[in-house]
Amino acid sequence: MAGLAESGSNPDVDLLYDINGLAKDAPHWFDRVMEYVGEYGLLLAMVLLVLWCWWSVRRRGAEDAASSVAALVWAPLAAGVAVLVNVPIRGFVERPRPFLDHQGLDVLVSGKTDYSFVSDHATITMALGVGLFVTNRKFGLVGIGLALLEGFCRVYMGVHYPTDVVGGFALGTAVALLLSPVAMALLTPLMKAVEGSRRLGWVVRARGAGQGQESVVSGARSKRSVDAEERDLAA
């Protein structure tokens, strides 16, 4: 198989060697950074991004806050469902890790004994990114960008083929989008009930959120009514 990469007859393996070859030329400290970022850092960043989006939604307190929070709840659930769907896919394909079939790879993470297709990391991050995009485009674009970086890191680390990553992106996107209507139909009423709860309402809407504009309007109305009363008395 290594010969295939050298001859260029297998683009997947060829691209694997090209991207992983960057690790050989990079300083040792940079490889350690990429190891941490690709294994844990980007997953943590995605979780923090989801929490940031949730904090922004509840502070804004818009009329659609319940549906927005429901979409945010679906994002990690979609990632979990996608990983479960990947279990039989991996068992059916049974693709070994690239470093088991190809020599000369610079493997940055040891102990990977499971199958390679599809990448769980790519699946999780893309499902979260697409789920965020459904809620908020700006946060979603950042999330999708982080997912793409995660996919690059997995190949850079020598633990996945590029097609493993592409398959993970496709799986995460499909689960997040195709099951979204059913998930929203179930989660939106639940979030509306939570919004109306005295104890848990803060999960959907921060205290006082969305009331500033109403108070200004009511204040303007009261001032106009006072002016009208003064004109009536003067008359």
Side-chain angles (χ1 to χ4, degrees), residues 39-91 118-151 165 167-218:
E39 193 72 8
Y40 308 106
L42 289 172
L43 291 177
L44 178 60
M46 291 297 301
V47 172
L48 294 177
L49 188 63
V50 172
L51 292 176
W52 185 8
C53 186
W54 164 74
W55 186 262
S56 176
V57 167
R58 65 181 292 272
R59 281 178 61 88
R60 188 172 66 249
E63 295 181 358
D64 61 343
S67 59
S68 296
V69 173
L72 282 174
V73 172
W74 167 238
L77 290 178
V81 172
V83 170
L84 292 178
V85 173
N86 188 29
V87 173
I89 294 177
R90 280 192 169 191
V118 298
S119 168
D120 278 339
H121 283 71
T123 301
I124 292 172
T125 52
M126 186 55 74
L128 288 172
V130 173
L132 276 174
F133 188 81
V134 173
T135 306
N136 184 289
R137 289 189 177 183
K138 292 182 179 179
F139 282 95
L141 289 175
V142 174
I144 292 174
L146 292 177
L148 295 175
L149 179 59
E150 178 68 81
V165 170
F169 289 162
L171 178 59
T173 301
V175 170
L177 292 182
L178 295 180
L179 298 183
S180 178
V182 177
M184 293 299 294
L186 296 175
L187 292 174
T188 300
L190 177 61
M191 290 301 105
K192 288 183 178 179
V194 171
E195 183 181 10
S197 172
R198 293 183 178 180
R199 295 183 178 181
L200 299 177
W202 60 270
V203 174
V204 177
R205 188 190 299 266
R207 293 182 179 179
Q211 297 179 359
Q213 184 177 358
E214 296 178 0
S215 62
V216 172
V217 173
S218 62

Peer 1: I'd like to know whether E39 forms a side chain to side chain contact (heavy atoms under 4.5 Å, CB included) with H121, so could you lay out the CA-CA distance, the side-chain angles of the two residues, the decisive distance to 0.1 Å, and finally the verdict.
Peer 2: CA-CA 8 Å; E39 193 72 8; H121 283 71; 4.3 Å; yes
Peer 1: Can you name the nearest heavy-atom pair linking G172 to A82, along with the distance?
Peer 2: CA-CB, 4.4 Å
Peer 1: The test is side chain to side chain contact (heavy atoms under 4.5 Å, CB included); show your working for F169 and V118 and say whether it passes.
Peer 2: CA-CA 9 Å; F169 289 162; V118 298; over 6 Å; no
Peer 1: Rounded to the nearest 0.5 Å, what separation is found between the CG atom of L171 and the CD1 atom of I89?
Peer 2: 5.0 Å
Peer 1: Against M184, only a single residue in V182, T188, L186 fulfils side-chain contact (heavy atoms from CB on, under 4.5 Å); can you say which?
Peer 2: T188
Peer 1: Taking all non-hydrogen atoms of both residues into account, name the closest pair between S68 and V57 and its distance.
Peer 2: CB-CG1, 3.7 Å
Peer 1: Let me confirm one number: the CG-CG distance from L42 to L148, rounded to the nearest 0.5 Å.
Peer 2: 11.0 Å
Peer 1: Would you check if V175 and T123 make a side-chain contact, meaning some heavy-atom pair closer than 4.5 Å?
Peer 2: no
Peer 1: Could you go step by step and tell me if R90 and D120 meet the side chain to side chain contact (heavy atoms under 4.5 Å, CB included) rule?
Peer 2: CA-CA 10 Å; R90 280 192 169 191; D120 278 339; 3.9 Å; yes
Peer 1: Mind listing the closest non-hydrogen atom pair of A176 and V130 along with its distance?
Peer 2: CB-CG1, 3.9 Å
Peer 1: Once rounded to the nearest 0.5 Å, what's the spacing between atom CG of L51 and atom CE of M46?
Peer 2: 11.5 Å
Peer 1: Where is the tightest heavy-atom contact between A79 and A127, given as atom of each residue plus distance?
Peer 2: CA-CB, 3.7 Å
Peer 1: For M126 and T173, work out which heavy atoms get closest and say how close.
Peer 2: CG-OG1, 3.3 Å
Peer 1: Considering non-hydrogen atoms only, spot the tightest contact between C53 and T135 and give its length.
Peer 2: SG-CG2, 4.3 Å
Peer 1: Which distance, rounded to the nearest 0.5 Å, do you find between the CG of L72 and the CH2 of W52?
Peer 2: 13.5 Å
Peer 1: For a side chain to side chain contact (heavy atoms under 4.5 Å, CB included) check, start with the C-alpha distance between Y40 and L43, then their side-chain angles and the critical distance, and finish with the verdict.
Peer 2: CA-CA 5 Å; Y40 308 106; L43 291 177; 6.0 Å; no
Peer 1: How long is the gap from CG on L187 to CG on L77, to the nearest 0.5 Å?
Peer 2: 6.5 Å
Peer 1: Would you say N136's side chain and F139's backbone share a donor-acceptor pair under 3.5 angstrom?
Peer 2: yes
